[in-house]
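Encoded as structure tokens, the structure appears first; notes follow it.
In what follows, every chain begins at residue 1, and chains take the letters A, B, ... in the order their sequences are listed.
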Amino acid sequence: MPELPEVEIVKQSLDQKIKLKKINKVIIKNRNLRFKIPLKFEKNLINKIIKKITRFSKYLIINFTDNTFCIIHLGMSGTIHLVEESKKKIHTNTSFYSSQKLPIKHNHIKIYFHKLKMIYNDPRRFGFFKLVKNKNELLELFKNLGPEPFSKLFNLMYVCKYLRGKNKNIKNFLIDQKFVSGIGNIYASEILYLCKIKPTKRGKNLSKKECKKIIYFSRYILKKSIQKGGSTIRDFKNVLGYTGKFQNEFRVYQRENLTCPSKQCEGIIKKKFITNRSTFFCSVCQK
DNA sequence: AAGAGGCCCTGATAGC
DNA sequence: TGCTATCAGGGCCTCT
């Protein structure tokens, strides 16, 4: 469930470890990710040198020195692992399998550098890798995505205007990447809790003050989560490595039937399916 | 055109 | 024990 903060953590660690490295070899075990990996993929990557790793929304972008790019999306279960050539794992990302041990199944892509390899693991195969020829093609791919919460474009006028007259509920707006990009199902519940807004409230019924809160707390939650190394859900091995800590600070997510954490409130956290996605909220203090 | 819902996929878990 | 059903959720696609 990598949302913006988790992808940001992966980006930061990847950038540290593989910047300026040259790709020596690529091995694909399974091409059937969200988008089928073309046969020429390996050949196209060989000898490319990594300039830097950047991120937009939930997308990792490997920038090569020849001004081409490789976009990586982790889908819901994708993880990236870096392994020293001695087969000893030196680093893992933060989402599903923050185990010291490398997962055995579903290691679909292996990219080899000098004394280091990068492994892409993704049991559910909702993620993808895509090579991009130039900056224009990159912009084209992202053109339908709304601004990130941190962007100046995600401002009061934009939010009010976007929600005006809309019947759709605010929770679905928060996870709608055309409205704002980077927020997923977990953080949407957390943001609305801090805003004290009911997830089912229709866009058109939000006051200006509430729109302001949406902006403020979207930024607040994502920033806080990045500071804590993101959230690690279902970390069943629970060992060393780059395990996120923000899941310990969830106020409502997966806290059904617990009391509302707000001091003045004695409500009980409820779970409700909103368009097939679990949503958590306090029915007393969220209006 | 807005919005709802289906679908892709595997693994963990619950219930019988 | 082994079976089946349910849930997890990002994003694309179709249908109304």
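- Residue A/I175 contributes atom CD1, which lies 13 Å from atom C1' of B/dG3 at whole-angstrom precision.
- What separates CZ of A/F126 from C1' of C/dC7 is a distance of 12 Å, to the nearest Å.
- Between the side chain of A/N30 and the backbone N or O of A/H108, no donor-acceptor pair lies under 3.5 Å.
- The nucleotide whose nearest atom lies closest to any side-chain atom of A/T275 is, among B/dG5, B/dT10, B/dG3, B/dG5.
- We find that A/E210 and A/K213 are not joined by a salt bridge, their nearest charged nitrogen and carboxylate oxygen being 4.0 Å or further apart.
- Two rings, from A/Y120 and A/F129, have their centers less than 6.0 Å apart.
- Residue A/N276 has no polar side-chain atom (N or O) positioned under 4.0 Å from OP1 or OP2 of B/dA4.
- Rounded to whole Å, the P atom of C/dT6 lies 14 Å from the corresponding atom of B/dG6.
- Contacts of A/F273 with the nucleic acid, taken as non-hydrogen atoms under 4.0 Å apart, involve only primed sugar atoms and P, OP1 or OP2.
- When rounded to the nearest whole Å, the span between NZ of A/K168 and P of C/dT16 equals 20 Å.
- Where A/R125 and A/K166 meet DNA chain B, the nucleotide closest to each residue was compared, and A/K166 sits on the side nearer the 5' end.
- Within the 4.0 angstrom heavy-atom criterion, only backbone atoms of the sugar-phosphate kind lie near A/N167; the bases stay farther away.
- Taking every side-chain heavy atom of A/S278 into account, C/dA8 is the closest of C/dG11, B/dA2, C/dA8.
- Under the 3.5 Å distance criterion, the side-chain polar atoms of A/E3 are matched with a main-chain donor or acceptor of A/G184.
- The interatomic distance linking A/F179 (CZ) with B/dG3 (P) rounds to 12 Å, in whole Å.
- Listed candidates were C/dC7, B/dA4, C/dG11. Nearest to the side chain of A/K271 is C/dC7.
- Residue contacts shown for A/R277 include a base, since a base heavy atom lies under 4.0 Å away.
- Residue A/K178 is classed as having no contact, given no heavy-atom separation below 4.0 Å to the nucleic acid.
- Counting to the nearest Å, the P atom of C/dC12 and the CD atom of A/Q177 are 9 Å from each other.
- A salt bridge is absent between A/E148 and A/K58; no separation between the charged side-chain nitrogens and carboxylate oxygens falls under 4.0 Å.
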